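Values reported hereafter were calculated over all heavy atoms of this structure, with side chains retained and with hydrogens, waters and symmetry mates removed. The structure presented is a predicted model; accordingly, all values stated were derived computationally and were not measured. Atoms within each ligand, like the ligands themselves, are counted from 1 in listed order.
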Amino acid sequence: MPSDLERAMETLITVFHRYAGKEGNSNTLSRRELKQLMEVELAAFLKSQKDPATVDKIMKDLDTNGDGEVSFEEFVSLVVGLSIACEQCYQMHLKSPKSK
Ligand SMILES: [Ca+2]
Ligand SMILES: [Ca+2]
């Protein structure tokens, strides 16, 4: 039986390919595929960002090799970035359990 972490990695790969396979290159996310992925899988995050240009900005940040598509490697850096932000919130929450 896979561990939690193994399952998390598998989920990451599955989700990426679910959206990457919709159009064009099935191994990379186009701007539209990235937008769909974020709207469905990262809805809470997207809602917290009031800037409507967020997807474009994220796309530009992620696309480190500048080919206009987001590869799995590039996508993972988004997940890592968000995970680090979440972990910081988690730590803050742990340090001040009474503050609300
Ligand atoms: Ca694609
Ligand atoms: Ca790229």
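- Angle subtended at the Ca ion (ligand 1) by Thr28 O and Glu23 O: 170°, rounded to 10 degrees.
- Within Asp63, the N, O or S atom lying nearest to the Ca ion (ligand 2) carries the name OD1.
- Met92 and Leu82 fall into different hydrophobic clusters, where Ile, Leu, Val, Met, Phe, Trp and Tyr residues are linked whenever their side-chain heavy atoms come under 4.5 Å apart, directly or through other members.
- Atom OH of Tyr90 sits in a sparse spot, with 12 or fewer heavy atoms from other residues, nucleotides or ligands closer than 6.0 Å.
- When the Ca ion (ligand 2) is compared with the N/O/S atoms of Asp67, atom OD1 turns out nearest.
- Atoms O of Asn25 and O of Ala20, as seen from the Ca ion (ligand 1), are separated by an angle of 80°, to the nearest 10°.
- Residue Glu73 qualifies as open at atom CD: its count of foreign heavy atoms under 6.0 Å is 12 or below.
- Here the closest non-hydrogen pair linking Glu33 and Thr28 is OE1-O, 3.0 Å.
- Of all N/O/S atoms in Glu69, O sits nearest the Ca ion (ligand 2).
- Looking at Gln49 and Thr54, their side chains never bring a donor and an acceptor atom within 3.5 Å of each other.
- For residue Asn65, an N/O/S atom approaches the Ca ion (ligand 2) to within less than 3.0 Å.
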